[in-house]
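Presented below is the structure to which this report refers.
Convention: sequence-line order gives letters A, B, ...; per-chain numbering from 1.
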Amino acid sequence: MGVVQFYPLDIRVQMANQRPVVVLYGRTTTGERVSVMDHDYLPYLYIVPKTQDSAELEQELARFIIKDKDNYCSVLKIEKMSMNFLEKETTVLKAFFNNPFGALAMHDELLKRPDIQGIYEHDVPFVSSYLLDKKIIPGVVTTVEGEMVNVHARVPVIRANSIMQAEDESIKNGKILAFDIETYAPAGKPASPEHDPIVMVSFYSNDFKKTITWKEFATTNPSLEFVNGEFELLMRFKKVIEEFQPDFLIGYTSDVFSFPYLKKRADKYDIKLDLGVDHSNIDVGKTATAIKGIVHVDLYKFVSRILSSKLETDTFRLEEVARELLGEGKKQIDTEHFAAVWDNTPENLEPYCEYNLQDAALIYKLFEKVLPSMFEFVKLTNVELFDMVRGSFSLFVEALLTKESRFWKEIIPPRPTRKEYEERNAYSYQGGFVSEPEPGIYNNIAVYDFASLYPSIISTHNISPGTLRCRCCTEIVPGEEMHFCKKTTGFFPKIVSGLVDRRQRILKILGDTGEKSPEQVSLLYARQEVLKIIANSLYGYFAFPSSRWYNLECAKAVTAYGRHYINSVIEKAKEDFEVLYADTDSVFLKAGGKKLGQSEKFFEELNLALPEKMKLEYEGLYPRGIFIASKAGKGAKKKYALLSEQGFLKIKGLESSRRNFSTLAKNAQEEVLYLILKERKMRKAVEYIRNLIGEVKEQKIPLRKMIIYTQLQKDIARYETIAPHVAVAKKMQQSGFAVGPGSLIQYVVAKGDGSIAERSQLPNEVREYDAAYYIEHQILPSVEKIFEAAGVDLMKALDEKEQSSLSEFI
DNA sequence: GCGGACTGCTTACCT
DNA sequence: ACAGGTAAGCAGTCCGCG
């Protein structure tokens with residue numbers, strides 16, 4: 001008998017004697033690896049009988065059994081109880097059974113019975129269910145009371161008598177190891193795991209730096225280790241991980257690149273990659289690689305899916321992400337000739353080893369930087385870190401709703417069938433309101449926006465599947481036909497209020513002057529950010545075709561109220577101001593000079609009139625701003641630039657904020673905006689463009705500024721039209737590169753004949769870029785509209801030598 | 001057979 | 001695999017032209 005405190009990090013289920021055993025791998029608070037076995041949990045599902053009297057059904061259920069070779073699945077226990085289904089009280093049978101792997105088969109079999117109306121929670125993963133019912137959050141300190149089991153294993157095993165969490169402290173002593181591999185890629189070709197070896201591996205951790213390679217050269221670098229060939233390199237790779245005993249093993253694109261590559265090379269030598277803490281082999285799946293007892297994190301996935309919207313960078317290359325998040329760039333190196341150096345001049349390999357180690361270092365530092373946010377996601381949703389880092393917004397929302405369901409005794413609705421999915425996917429509905437701005441340059445633009453508009457609507461108007469069309473209330477949603485109950489708070493509003501209230505408390509603490517350590521601040525900041533992200537995602541989940549809580553009417557009601565509120569702000573503002581622009585939850589007013597005082601009054605009055613949970617916020621005053629015309633000659637929505645009081649440009653929707661424009665065009669546009677809005681020098685702006693065009697014509701611009709990035713959204717074969725990026729992707733595919741959905745294709749339009757697609761090539765294949773294309777299709781379209789909004793015809797101005805008609809200052 | 005107008009596919013943005 | 005609203009480039013097709 002003993003009590004141990006540990007952090008569970010990887011939670012699995014296995015069968016023993018026809019019963020499930022949950023195994024929690026983790027590390028104790030004293031730093032030892034441990035695995036905890038919990039035999040005390042059974043899977044269950046909820047059965048809704050057709051009739052009140054379910055005695056006969058219960059008797060027959062007790063005898064229910066499905067046999068499959070050596071395994072069986074049978075009902076062990078039935079409890080008749082009351083639960084909520086979509087917020088309505090319902091009498092159900094909770095049927096416990098022995099084998100979680102048989103849940104779906106049981107569901108299908110039982111549903112054939114005429115006396116059963118519905119079966120639920122058969123599609124809730126067993127481990128998730130376990131963690132929720134036992135109130136265990138992955139990675140949080142857990143107290144287990146039990147006995148050491150004497151079995152042959154790499155990790156001590158405790159058989160739990162009881163297991164519980166009393167505190168909410170996340171793991172602090174976790175061992176983090178980042179790694180990166182370097183493969184041999186023949187010039188101009190991708191490395192192929194069938195033919196090309198792994199030539200370097202680097203590891204990085206706090207106080208641990210190592211690069212292993214198999215060509216020796218003279219060096220004094222202590223972190224370098226030479227081995228004799230790839231076989232030995234792979235063996236050392238294993239050994240390093242085995243000895244280091246990481247809890248978190250971090251890679252960058254390691255799910256789809258590093259581990260599949262390592263696996264193929266290891267197979268070649270019959271090396272087992274038995275990195276699991278119980279000697280089990282790594283599980284290299286199609287989309288992810290899992291290692292028993294170690295949390296393998298592919299940081300690329302988290303960065304590209306969850307952090308992407310917060311990042312400026314167009315690509316998610318490690319270097320650029322690191323520069324943005326860590327402020328740390330990479331020492332540049334000529335990677336193109338790596339294979340040649342490896343083959344011919346190994347004495348020059350040292351910089352490549354440093355480069356490889358540097359990647360591992362950046363991966364490590366990035367992980368440390370985002371870890372607080374990751375743990376906050378985990379704590380809020382109960383999703384294991386392994387799943388969390390590969391997750392999406394829908395996963396987080398679903399997990400949160402699942403967790404809250406347990407608390408409010410709600411049955412978790414099933415995932416939709418394929419047919420339901422198709423039906424839902426075909427529907428659309430009206431969203432936010434967007435006004436059309438009048439193109440031009442304006443001074444003193446005051447911007448206001450609603451704080452968390454949709455979440456505040458959900459809680460103010462009690463929008464939830466269970467409050468929809470109640471019998472007691474009648475107030476209709478503006479412009480719609482449905483109504484929601486005003487008396488009983490619904491499931492969704494309860495959750496939203498909880499998230500919003502918690503976030504408000506955190507923001508208050510962050511704003512207080514009290515002493516806080518940098519760690520506390522970053523933790524609190526991460527926590528409020530995660531609360532906001534999830535609150536804002538809840539509305540979209542109503543209309544998400546794969547949603548368990550799909551409800552189109554709720555989604556429609558939210559946007560209808562949204563349009564109602566933004567329009568009421570616009571109407572009120574119009575009494576005293578010119579409303580320049582509005583989009584969904586924000587309004588832009590012309591609030592010049594003496595009108596500023598008036599705008600404060602407007603703002604206060606408006607907020608007083610709003611419901612308690614709704615708030616219009618003052619985002620700021622911008623001394624100057626520009627709205628441009630669309631191609632169709634009207635004011636372009638979602639495209640503008642504002643100049644802040646501090647002199648920064650806030651550019652939205654224009655070419656310079658789009659990745660599928662060349663750096664050349666983006667820089668040109670920013671420069672013109674800067675010269676016109678900030679410096680107010682029109683002649684200078686025209687001259688700038690004139691000079692730039694001259695340089696382009698003379699092929700003076702470096703090729704890298706001509707690169708256009710476009711992402712492939714689907715398999716190459718499925719494209720109906722062959723756009724430039726598709727044409728280039730096809731060529732890449734033919735030379736052996738793995739390109740598919742998600743690949744970011746880069747290309748340069750070269751001089752020559754044919755369509756743009758036909759002339760598009762990979763940057764390193766281009767001899768001469770097509771100057772005319774870059775002038776007419778990149779620079780001019782990006783800047784002409786800006787000059788036009790400023791009242792200048794750029795083409796005319798460029799024609800005139802003296803520009804006598806232009807005044808320098810505007 | 002040619003060139004401009006038009007359409008629809010496609011991507012990436014905004015809130 | 002959260003939602004809808006939006007602009008715009010490019011390929012491909014349509015259409016007029018005795």
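A:Y550 comes within 4.0 angstrom of nothing in the nucleic acid, heavy atoms only. At the heavy-atom level, A:A757 lies under 4.0 Å from the strands shown only through sugar-phosphate atoms. Using a 4.0 Å heavy-atom distance criterion, A:K785 is classed as making no nucleic acid contact. Counting non-hydrogen atoms under 4.0 angstrom, A:S428 reaches the backbone sugars and phosphates but no base. A:V434 comes within 4.0 angstrom of the backbone, heavy atoms only, and of no base.
Among the nucleotides C:dC10, C:dC2, B:dT11, the one closest to any side-chain atom of A:Q713 is B:dT11. Of the listed nucleotides (B:dT11, C:dA1, C:dA11), C:dA11 has the atom at the smallest distance from the side chain of A:I756. Here the nucleotide nearest the side chain of A:F544, chosen from C:dA1, B:dA12, C:dG4, is C:dA1.
Contact check, A:K639 against C:dA8: a side-chain N or O comes under 4.0 Å of OP1 or OP2.
Residues A:I306 and A:F377 are in side-chain contact: their nearest non-hydrogen atoms beyond the backbone lie under 4.5 Å apart. The closest side-chain heavy-atom distance from A:E578 to A:L580 is below 4.5 Å.
Note: CZ (A:F396) to P (C:dA3) measures 15 Å, nearest angstrom.
A:E398 and A:R415 get closest at one heavy-atom pair: OE2-NH2, 3.7 Å.
For B:dT11, its base never sits under 3.5 Å from the side chain of A:R659 at any donor and acceptor pair.
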List the steps, then state whether salt bridge (Lys or Arg N to Asp or Glu O under 4.0 Å) holds for A:E529 with A:R527. CA-CA 5 Å; A:E529 197 64 21; A:R527 187 168 292 172; over 6 Å; no
